Amino acid sequence: MSYSNTDLIQLKDFYQHQLLQDTVPFWFPQSIDTVHGGYLLMRGQNGDLIDDDKSVWFQGRTAWLLSTLYNTVEHKQEWLDGAKSGIDFINQHCFDTDGRMFFHVTREGNPIRKRRYYFSETFAVIAMSAYAKASGDEKIAEQARHLFGECIKYSSTPGLLEPKYTGERPSKGIGSPMIMINTAQQVRETIGDPRCDEWITKWIAEIENDFVKHDIKCVMEQVAPDGSIIDHIDGRTLNPGHAIEGAWFILHEAKHRNNDPHLIELGCKMLDYMWERGWDKEHGGILYFCDVYGKPVQEYWQDMKFWWPHNEVIIATLLAYTMTGDEKYAKWHKMIHDYAYSKFHDKENGEWFGYLHRDGTVAQTAKGNLYKGPFHLPRQEWYCTQILNEYLEKIN
């Protein structure tokens, strides 16, 4: 199948409508904490507050979203003010005395949990960068660049952060180069930093050389330091949606680099390999985990359908189609789009359910928790709107 101009215009209008009339209103303004600052995002099906603790990831992710909407959709003062609430809360409560960030805090900002990795920092970087562009606050821009530099150190200096495992079976995950590619892209597109291009090239090369296995048509989630497959359960476990998120980061970079043909080929192969492994041929949707050799997977939620991989696959398939014209990607995009909006979307209350059983029935009704909030879904709807606006301008 292919998409006609009319189809693409309708799709763009759909994503824009969902973003601005369904997803964003579910969260705002009610989720902005007018007492302590930041955001109250742990919400049930109809938006009721089920817990007032705060995920530090989502303080950054939400400030990023509001700043990005301000920068790219409309200069709404409520979005800018809402973003500032998150930035202020992060700076007042989310950094430990060693400069590292917490993961989980109380409503007031008292620390509950700190993790060994630096994802809280990367989300703070993209939030500060987008907010600095929106507000013109150069102090926040410099803070974002400094924190970006710290993330580069964390990602490139073995032993700098406390290890989770012993040295008996050393490994590395695709998550670190992936999240740093996207972080650098966000910094480059908002406030700029001369380090971005060089480091993005290095992180893409690491993914290509160590994680992408063309011989078995796979993108590994975890490998040995030399890129070899670790033939144990953890080492064999794949996360197709996560790998496909990496694919669209690389396709995004290809577009930035004047449609670099090598990066387009790499991103499309990653998408191809993991669509084949991840698409549930019986029930539809993307399986959460699978084994590289088809063996049983350890995690008990391995065949559930989580919301965020579907957001990433919607983006990747649409991006691949608009960049290559390959009708296969239009077909896949329609398949994943139709599945996701028929199964995850809550037509009565707005937003998406986060967790489905394999057969597509809702497993539980929470819309927000430490890991789910206003990021993957609104990012998908916002980015797909951007993709389609650019593509329709180019072809018309």
Side-chain angles (χ1 to χ4, degrees), residues 37-39 54-68 70-72 79-105 109-111 113-163 173 175-204 206 249 252-253 256 375 379:
Y39 315 107
K54 292 173 179 173
S55 160
V56 175
W57 285 12
F58 269 96
Q59 301 307 298
R61 285 168 159 180
T62 306
W64 171 85
L65 173 66
L66 291 168
S67 299
T68 298
Y70 182 89
N71 287 331
T72 62
W79 287 343
L80 187 62
D81 293 344
K84 184 177 188 300
S85 181
I87 296 296
D88 289 348
F89 185 85
I90 287 168
N91 275 327
Q92 291 165 10
H93 302 291
C94 297
F95 284 92
D96 200 353
T97 54
D98 62 359
R100 297 270 329 286
M101 294 185 73
F102 298 111
F103 169 75
H104 179 188
V105 299
N110 300 319
R113 186 179 177 193
K114 183 177 177 181
R115 302 187 76 171
R116 296 176 179 87
Y117 48 77
Y118 54 95
F119 290 179
S120 291
E121 285 82 351
T122 62
F123 298 132
V125 169
I126 65 172
M128 292 172 181
S129 299
Y131 177 74
K133 179 178 180 180
S135 65
D137 189 329
E138 187 56 35
K139 184 177 178 182
I140 294 294
E142 285 306 308
Q143 185 183 8
R145 293 188 187 99
H146 169 75
L147 193 55
F148 176 52
E150 294 300 294
C151 290
I152 291 174
K153 288 181 192 174
Y154 298 145
S155 71
S156 60
T157 310
L160 187 59
L161 299 178
E162 180 186 354
S176 179
M178 264 182 56
I179 202 165
M180 289 305 296
I181 289 168
N182 187 244
T183 301
Q185 288 170 336
Q186 291 295 315
V187 170
R188 181 179 63 196
E189 292 166 18
T190 49
I191 59 174
D193 188 294
R195 297 168 290 185
C196 292
D197 287 350
E198 178 185 356
W199 276 101
I200 289 172
T201 299
K202 290 180 180 177
W203 291 316
I204 291 175
E206 182 182 1
F249 292 166
H252 181 89
E253 192 61 24
H256 175 79
F375 183 65
R379 180 176 72 167

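The model shown is predicted, which means the values in this text are computed figures rather than measured ones.
- Counting only heavy atoms from C-beta outward, the side chains of Phe89 and Cys94 approach each other to under 4.5 Å.
- Using a 4.5 Å heavy-atom threshold, the side chains of Ile140 and Asn91 count as touching.
- In this structure, Thr122 and Met180 have side chains that are in contact, with non-hydrogen atoms separated by less than 4.5 Å.
- Remark: Asp81 pairs with Gln77 by the side-chain contact (heavy atoms from CB on, under 4.5 Å) rule, at least two apart or across chains.
- The closest side-chain heavy-atom distance from Tyr39 to Leu66 is below 4.5 Å.
- Here the CD1 atom belonging to Ile200 is positioned 11.0 Å from the CD atom belonging to Glu198, to the nearest 0.5 angstrom.
- Side chain of Asn182 to main chain of Phe249: no donor-acceptor pair is present (N/O by atom type, distance under 3.5 Å, no hydrogens or angles).
- Taking all atoms of both residues into account, the shortest heavy-atom contact from Gly149 to Arg195 is CA-NH1, 3.3 Å.
- Once rounded to the nearest 0.5 Å, the distance linking CD1 of Ile87 with OG1 of Thr62 reads 10.5 Å.
- The two residues Trp64 and Ile126 have their closest heavy-atom pair at CD1-O, 3.4 Å.
- Residues Met101 and Ile90 form a side-chain contact, since some pair of their non-hydrogen atoms from C-beta on lies under 4.5 Å apart.
- Here the closest heavy-atom approach between residue Thr68 and residue Ala130 is recorded as OG1-CB, 4.0 Å.
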Next item on the list: Determine, stepwise, if the pair Val125 / Cys151 fulfils side-chain contact (heavy atoms from CB on, under 4.5 Å).
Entry: CA-CA 9 Å; Val125 169; Cys151 290; 4.3 Å; yes

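- The CD atom of Glu189 lies 8.5 Å from the NZ atom of Lys133; values are rounded to the nearest 0.5 Å.
- Annotation: the span from Trp203 atom CH2 to Glu253 atom CD amounts to 11.0 Å, rounded to 0.5 Å.
- Cation-pi check for Arg100 over Tyr154 is met; the charged atom lies under 6.0 angstrom from the ring centroid and within 45 degrees of its normal.
- Side chain of Ser55 to backbone of His104: no donor-acceptor contact under 3.5 angstrom is found.
- A cation-pi arrangement, defined by a distance under 6.0 Å to the six-membered ring centre and an angle within 45 degrees of its axis, is absent between Arg145 and Phe148.
- Closest heavy-atom contact between Ala184 and Cys196: O-SG, 3.4 Å.
- In this structure the side chain of Asp197 reaches within 4.5 angstrom of the side chain of His256, judged on heavy atoms.
- At a threshold of 4.5 Å between non-hydrogen side-chain atoms, the residues Gln185 and His252 count as touching.
- Using a 4.5 Å heavy-atom cutoff, the side chains of Ser129 and Gln186 are not in contact.
- Using cut-offs of 30° and 60° for the angle between ring planes, the Phe123 and Phe119 rings count as perpendicular.
- Closest approach of Ala63 and Ala127 over heavy atoms only: CB-CB, 3.8 Å.
- When every heavy atom of Glu121 is checked against every heavy atom of Tyr117, the shortest pair comes out as OE1-O, 4.1 Å.
- To the nearest 0.5 Å, atom CG of residue Leu147 and atom CD of residue Glu142 are 12.5 Å apart.
- No side-chain donor-acceptor contact under 3.5 Å links Gln59 to the backbone of Lys54.
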Next item on the list: List the steps and the verdict of side-chain contact (heavy atoms from CB on, under 4.5 Å) for Lys114 and Phe103.
Entry: CA-CA 5 Å; Lys114 183 177 177 181; Phe103 169 75; 5.8 Å; no

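- Remark: Leu80 CG to Tyr131 OH distance equals 5.5 Å, nearest 0.5 Å.
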